Amino acid sequence: LEGVPGLAKTLTIKTLAQLINTDFQRIQFTPDLLPADIIGTLIFNPKKSDFEIKKGPIFSNIILADEINRSPAKVQSALLEAMQERQITIGDKTFSLDNPFLVMATQNPIEQEGTYPLPEAQVDRFMFKINLDYPNFNEELEILKKMDKIESKINIKPIISIDQIIEARKVVDQIYISDNIYEYIVSLVMSTRKPEEYNLKDLNTLITYGASPRATIFLSRAAKSNAFLNKREFVIPEDVRSVGKSILRHRIIL
């Protein structure tokens with residue numbers, strides 16, 4: 001989630017985590033944060049004369065990397081193994097992470113003071129990039145009426161369990177995608193790499209690098225999920241278009 005300060009990015013993710021009956025950890029990214037503060041480290045136990053593993057906050061179901069671009073690349077990269085392989089290596093031991101495992105991050109626009117651009121490899125591991133804008137007049141009026149008290153509290157109770165999420169995933173996997181929709185998805189991604197082959201010659205000078213194969217895979221998965229949310233057992237082109245911008249915007253380098 002990217003947007004200027006004050007748009008409730010952190011509140012949005014915390015609220016989502018509270019709606020799911022699961023473990024949640026918030027990691028506040030700062031310039032002095034270390035990789036070990038996220039994944040954990042080895043600590044020497046003088047009584048046993050041996051090193052013990054102290055697990056970090058990443059060992060949870062939902063992780064909020066708050067203001068992820070406030071820390072340098074070394075710290076940001078500590079999430080790479082976890083996000084791609086769902087595992088963490090500390091010393092010579094590798095640990096599998098819980099299922100489901102989800103990393104959600106917030107960041108202020110890159111141009112703001114005291115921020116570090118995320119490495120391309122890191123950005124590519126995020127399925128979606130959602131841009132947040134200011135609320136309109138009526139939305140801000142509603143926010144004001146709900147939040148103008150000093151002791152404003154939002155009481156949220158879990159409405160879904162981990163088992164229900166895992167069952168829903170199984171249903172999403174069974175949703176049908178026809179060959180022409182598969183070809184549509186691949187053509188969309190390929191056109192960001194070789195625009196001239198898709199009669200988009202004007203884009204040649206505007207795109208440095210196109211979307212990665214992860215974009216192809218995530219477009220398919222997200223389209224299935226969108227069909228599921230719309231109570232359909234098959235994918236239509238509109239499912240792909242509805243998620244396309246959020247999946248492609250951070251993978252195309254202009």
Side-chain angles (χ1 to χ4, degrees), residues 1-3 9 12-13 16 20 62-63 65 68 79-86 99-107 109-110 117-133 160 164-254:
L1 274 64
E2 182 178 295
K9 299 184 294 295
T12 299
I13 295 175
L16 174 63
I20 303 170
I62 298 179
I63 304 297
I68 191 171
L79 293 171
L80 290 178
E81 182 184 14
M83 293 175 70
Q84 180 61 30
E85 300 170 35
R86 300 293 191 268
N99 184 31
F101 175 74
L102 179 66
V103 175
M104 302 187 75
T106 68
Q107 72 170 14
I110 297 299
L118 269 67
E120 284 78 6
Q122 174 87 27
V123 172
D124 198 44
R125 280 167 169 78
F126 283 101
M127 186 173 191
F128 295 113
K129 178 180 178 181
I130 311 295
N131 287 341
L132 300 182
D133 202 354
I160 192 169
Q164 288 173 305
I165 290 175
I166 292 172
E167 284 300 312
R169 280 181 171 181
K170 293 176 182 177
V171 176
V172 170
D173 281 341
Q174 294 171 7
I175 288 176
Y176 176 74
I177 297 188
S178 63
D179 286 343
N180 63 332
I181 298 292
Y182 276 130
E183 291 171 7
Y184 176 47
I185 290 171
V186 174
S187 296
L188 279 173
V189 176
M190 292 294 290
S191 68
T192 69
R193 302 174 198 164
K194 299 178 179 178
E196 68 280 359
E197 295 183 8
Y198 293 85
N199 297 319
L200 300 169
K201 293 181 180 179
D202 293 343
L203 297 183
N204 266 338
T205 58
L206 301 178
I207 298 176
T208 305
Y209 293 103
S212 72
R214 281 197 188 97
T216 311
I217 296 168
F218 285 152
L219 270 173
S220 172
R221 291 181 184 175
K224 283 184 178 182
S225 301
N226 197 70
F228 171 79
L229 292 174
N230 286 282
K231 301 179 181 179
R232 262 186 285 102
E233 58 189 20
F234 55 90
V235 173
I236 61 175
E238 187 53 44
D239 291 319
V240 181
R241 287 195 285 271
S242 66
V243 298
K245 287 182 180 179
S246 298
I247 286 176
L248 292 172
R249 63 162 53 100
H250 55 301
R251 294 187 164 87
I252 300 173
I253 301 176
L254 302 179

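Residues: numbered from 1 along the sequence shown. Here the structure is a predicted model, which is why all the values come from computation and not from measurement.
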Problem - side chain to side chain donor-acceptor pair (under 3.5 Å) partners for Q164, two or more places apart - result: S161
Exercise for the section: Taking side-chain contact (heavy atoms from CB on, under 4.5 Å) as the test, write out the residues that go with L132, two or more places apart. Expected result: L1, L7, K9, I130
Completion exercise
Sequence neighbours excluded, the answer for side-chain contact (heavy atoms from CB on, under 4.5 Å) partners of A105 is A65, I68, F126
Practice task
Taking atom CD of E85 as the centre, report whether more than 12 heavy atoms of other residues, nucleotides or ligands fall under 6.0 Å from it.
Solution key: yes
Problem - Rounded distance [0.5 Å steps], CE in M127 versus CZ in R251 - result: 8.5 Å
Exercise for the section: List in chain and number order the residues that pass side chain to side chain donor-acceptor pair (under 3.5 Å) with Q107, two or more places apart in sequence or in another chain; answer none if no residue qualifies. Expected result: E2
Using residues 178-186 as the side-chain source, report each donor-acceptor pair under 3.5 Å to any protein atom, sequence neighbours left out, with the distance given to one decimal.
| residue | atom | partner | partner atom | Å |
| --- | --- | --- | --- | --- |
| S178 | OG | N180 | OD1 | 2.2 |
| Y184 | OH | R241 | NH1 | 3.2 |

Handout entry: salt bridge (charged side-chain N to carboxylate O under 4.0 Å, His left out) involving E81 - partner list, sequence neighbours excluded
Key = none
Practice task
Identify the heavy atoms of P109 and G3 that sit nearest to each other, and give their distance.
Solution key: CD-O, 3.4 Å
Practice task
Answer whether the closest heavy-atom distance between the side chains of H250 and L118 falls below 4.5 Å.
Solution key: no
Exercise for the section: With rounding to the nearest 0.5 Å, note down the distance linking CG in L248 to CG in L219. Expected result: 5.0 Å
Practice task
Rounded to the nearest 0.5 Å, what's the gap from CG on L254 to CG on L203? Could you check?
Solution key: 9.5 Å
Completion exercise
Quick note, side-chain hydrogen bond (donor to acceptor under 3.5 Å, both in side chains) partners involving residues 210-223, not counting sequence neighbours, are Q84-R214, D124-S212, D124-R214
Completion exercise
Value for OG1 (T12) from CG (L16), rounded to nearest 0.5 Å, stands at 9.0 Å
Practice task
Kindly give the heavy-atom pair with the smallest separation between T192 and A211, and that separation in Å.
Solution key: OG1-N, 2.9 Å
Completion exercise
Of all heavy-atom pairs linking F101 and A82, the shortest is CE2-O, 3.6 Å
Fill in the blank from the handout: In short, A222 meets V243 closest at the heavy-atom pair CB-CG2, 3.8 Å
Handout entry: All side chain to side chain donor-acceptor pair (under 3.5 Å) counterparts of S242, not counting sequence neighbours
Key = N226
Practice task
Applying salt bridge (charged side-chain N to carboxylate O under 4.0 Å, His left out), name anything that partners R232, two or more places apart in sequence or on another chain.
Solution key: D239
Counting only pairs under 3.5 Å, give me each side-chain donor-acceptor contact of residues 168-177, with atom names and distances, residues two or more places apart or in other chains.
| residue | atom | partner | partner atom | Å |
| --- | --- | --- | --- | --- |
| R169 | NH1 | N99 | OD1 | 2.9 |
| K170 | NZ | E167 | OE2 | 3.3 |

Practice task
Can you measure from CD1 (I165) to CG (L102) and round to the nearest 0.5 angstrom?
Solution key: 9.0 Å
Handout entry: S246 side-chain N/O to F128 backbone N/O, donor-acceptor pair under 3.5 Å
Key = no
Exercise for the section: Identify the two heavy atoms, one from Q122 and one from L80, that lie closest to each other, and give their separation to 0.1 Å. Expected result: OE1-CD2, 3.4 Å
Problem - Pairs involving residues 184-206, ordered by first then second residue, that meet salt bridge (charged side-chain N to carboxylate O under 4.0 Å, His left out) (sequence neighbours left out) - result: none
Completion exercise
Across all chains, not counting sequence neighbours, the side-chain contact (heavy atoms from CB on, under 4.5 Å) partners of I253 are E120, T208, Y209
